[in-house]
Amino acid sequence: MPTPSDYNGKVPAAAGAARTSYVPPHLRNRPLSAEAASAPVARSGGYSAGPRNDRIGGSSSYIGGGGGGWNNRSNGWDRGREREANPFQDDLETEQEFGSRDNTGINFDAYEDIPVETSGKDVPSPVSTFAEIDLGEALNLNIKRCKYVKPTPVQRYAIPISLAGRDLMACAQTGSGKTAAFCFPIISGIMKSSQSAPSPPSFSRMAYPFALILSPTRELSVQIHEEARKFAYQTGVRVVVAYGVIDCSGQLRDLEKGVDILVATPGRLVDLLERARVSLQMVKYLALDEADRMLDMGFEPQIRRIVQQMDMPPAGVRQTMLFSATFPKEIQCLAADFLSNYVFLAVGRVGSSTDLIVQRVEYVLETDKRSHLMDLLHAQIANGNQGKQALTLVFVETKKGADALEHWLCINGFPATSIHGDRSQQEREYALRSFKSGKTPILVATDVAARGLDIPHVAHVVNFDLPNDIDDYVHRIGRTGRAGKTGLATAFFNDNNSSLARPLSDLMLEANQEVPAWISRFAARSSYGKNRRGGGGGRFGGRDFRRDTSYNRGGTDYYSVGAGHSSNGYNASSGYGPATVTSAWD
DNA sequence: AAAAAAC
């Protein structure tokens with residue numbers, strides 16, 4: 001179990017000076033009377049010069065009024081003025097609306113025999129209860145409020161690993177509790193270390209988050225923010241989200257009020273860094289959600305810029321956690337640049353009784369897709385599968401295609417809406433709400449909705465247009481069958497998708513799905529996807545590329561230990577041997 | 001070739 005000194009080992013020497021006046025996060029939310037008493041002595045740490053105290057003492061209005069701006073992480077004084085909104089309020093309302101809603105709880109029976117694999121040096125042991133982990137009283141209370149009874153597989157492994165201060169690359173299906181897996185250690189770590197945290201190093205309107213969480217879409221950032229706010233409720237740890245167009249929702253104001261955990265999309269964060277509204281020099285935790293997407297061709301330059309070319313502490317000083325349901329080898333290779341002596345964690349995806357998604361592939365010509373979709377929707381209605389308890393998510397390839405299909409569905413009497421990158425943020429958020437509430441139980445979407453979004457009650461995912469990449473398919477169908485519930489995924493396949501035939505049929509075979517015989521005709525034609533997973537079998541969304549025999553970084557820190565050091569090092573006595581490979585399956 | 005993400 002980590003001690004506070006584990007968390008503070010890298011804190012500058014000046015830290016001690018701040019101790020007496022600093023108000024740690026867990027005390028920031030005390031009632032106003034208690035706060036007021038300590039206000040005049042708001043932290044005057046080593047960095048803090050006179051002006052800060054003058055400002056605090058002499059001004060009755062805080063942030064926003066004067067524009068001078070100061071990072072007020074340092075005082076709990078103004079925090080008491082605003083009551084922290086109860087982030088659990090929405091849950092109560094939704095719960096009433098849906099009657100006995102049980103999706104806050106995970107169906108643990110379905111996860112009982114899930115395969116788990118770890119690799120890396122000295123992998124910390126997993127836990128089986130939250131009680132075994134010292135997360136702190138406030139966080140434990142929030143876990144109860146979230147109705148989490150016991151940790152999910154990814155949480156059982158990832159939380160001890162990250163509490164031990166280790167970097168992590170984790171493959172786990174979204175909906176299996178990933179967000180909590182990286183939020184709990186971050187919140188807990190910030191609470192513990194804050195007792196001796198250094199002051200922000202300058203006097204400006206810049207924000208100095210301790211933790212940075214990046215995700216590839218605005219909606220996913222919103223979702224992570226909402227979840228993180230629940231976990232951080234009344235801990236004093238402040239969570240702020242930044243995404244999309246300039247400050248339509250008071251994001252800049254929130255930043256100025258101080259931030260401990262910043263959740264952001266990459267473009268927005270680059271913008272904030274350029275405007276010098278955010279500094280990354282205090283970042284102790286970096287988490288990338290949907291990390292393989294964050295490091296693909298479209299995002300990689302931005303991520304490199306943020307992580308390597310700004311003022312963020314380097315790998316090894318900060319703690320880095322990468323999460324995704326899929327982790328292609330090439331991306332793992334790239335990701336190694338951002339990690340230091342990391343643990344690789346893979347939580348089973350398919351191939352066991354945990355597979356809760358029934359997958360179907362149907363041969364549908366381009367011209368027949370619409371009428372075929374209508375048949376499916378009619379059949380669903382005939383089965384009594386409709387309304388807000390049985391939402392249908394339809395994926396198409398293009399934004400134009402999404403608009404067209406939405407329009408066509410609507411004029412044919414189907415209550416549909418759509419979400420894609422050409423719609424305004426307002427429209428996007430409205431569409432998502434309208435879908436979630438069941439007002440429009442059909443949502444037509446581009447890949448913007450493929451990853452990470454947690455939408456309860458999605459009973460059916462239709463791949464109206466199949467993606468070109470099997471990993472995208474995996475993420476898309478993962479919008480159903482969540483939290484232990486079952487789901488259906490139907491794909492419309494035709495000659496345009498022949499490149500996907502082999503990986504798709506492989507994936508379905510792994511998942512014990514019925515694969516139509518005709519698909520092998522296409523599979524034979526294409527060589528795409530061969531060995532994409534490093535021949536590592538299909539139980540996982542990925543396999544540690546460091547274990548691949550073709551990978552040899554000889555002389556790097558990964559395999560520096562041990563006699564009999566082989567070309568891959570995996571079976572050498574370097575800590576990668578079978579003894580450290582744990583599996584809940586065996 | 002398309003999608004996502006800042007102004």
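Just so we're on the same page: letters track the sequence lines, and every chain starts at 1.
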Inset, instruction - To the nearest Å, give me how far apart OH (A/Tyr473) and C1' (B/dA3) are. - result: 20 Å
Inset, instruction - Would you indicate which nucleotide in B/dA5, B/dC7, B/dA2 comes nearest to any side-chain atom of A/Gln302? - result: B/dA5
Legend entry - Phosphate contact (B/dA2 OP1 or OP2) by A/Lys400 side-chain N/O below 4.0 Å: no
Legend entry - Under-4.0 Å side-chain N/O to phosphate OP1/OP2 contact, A/Arg451 with B/dA3: no
Inset, instruction - Give A/Pro266 one of three labels, base, sugar-phosphate or nothing, depending on what nucleic acid heavy atoms sit under 4.0 Å from its own. - result: nothing
Legend entry - Ring centre gap for A/Phe522 and A/Phe493 strictly below 6.0 Å: yes
Legend entry - Whole-Å gap separating P (B/dA3) and CZ (A/Arg476): 11 Å
Inset, instruction - Please report, rounded to the nearest Å, how far the P atom of B/dA6 is from the CZ atom of A/Arg275. - result: 12 Å
Legend entry - salt bridge (charged side-chain N to carboxylate O under 4.0 Å, His left out) involving A/Glu397 - partner list, sequence neighbours excluded: A/Arg476
Inset, instruction - Round to a whole Å and report the spacing from CE of A/Met310 to P of B/dA6. - result: 14 Å
Inset, instruction - Report yes if at least one side-chain N or O of A/Thr446 is closer than 4.0 Å to OP1 or OP2 of B/dA4; otherwise report no. - result: yes
Inset, instruction - Calculate the interatomic distance between A/Leu273 atom CG and B/dC7 atom P; express it in whole Å. - result: 14 Å
Inset, instruction - Let me know the distance between CG of A/Asn496 and P of B/dA2, rounded to the nearest Å. - result: 14 Å
Inset, instruction - Identify whether any heavy atom of A/Gly421 sits under 4.0 Å from a base atom; if not, whether one sits that close to sugar-phosphate; answer base, sugar-phosphate or nothing. - result: sugar-phosphate
Inset, instruction - Please work out if A/Val270 contacts a base, only the sugar-phosphate, or nothing of the nucleic acid, heavy-atom cut-off 4.0 Å. - result: nothing
Inset, instruction - Could you tell me if the ring centre of A/His378 sits under 6.0 Å from that of A/Phe414? - result: yes
Inset, instruction - May I ask you to verify whether the side chain of A/Asn468 and the base of B/dA1 hold a donor-acceptor pair under 3.5 Å? - result: yes
Inset, instruction - Ignoring backbone atoms, test whether A/Arg218 places a side-chain nitrogen or oxygen under 4.0 Å from the OP1 or OP2 oxygen of B/dA4. - result: no
Inset, instruction - Kindly confirm or rule out a cation-pi arrangement of A/Lys369 over A/Phe464, judged by NZ or CZ under 6.0 Å from the six-membered ring centre and within 45° of its axis? - result: yes
Inset, instruction - Whole angstrom is fine here: how far is it from CE in A/Met297 over to C1' in B/dA2? - result: 11 Å
Inset, instruction - List in chain and number order the residues that pass ring pair (Phe, Tyr, Trp, His ring centres under 6.0 Å) with A/Tyr473, two or more places apart in sequence or in another chain; answer none if no residue qualifies. - result: none
Inset, instruction - Respond yes when some side-chain nitrogen or oxygen of A/Arg305 is under 4.0 Å from OP1 or OP2 of B/dA6, and no when none is. - result: no
Inset, instruction - Taking only the side-chain nitrogens and oxygens of A/Thr398, find out if one of them lies under 4.0 Å from OP1 or OP2 of B/dA1. - result: no
Legend entry - Rounded distance in Å - CG (A/Asp289) to P (B/dA4): 18 Å
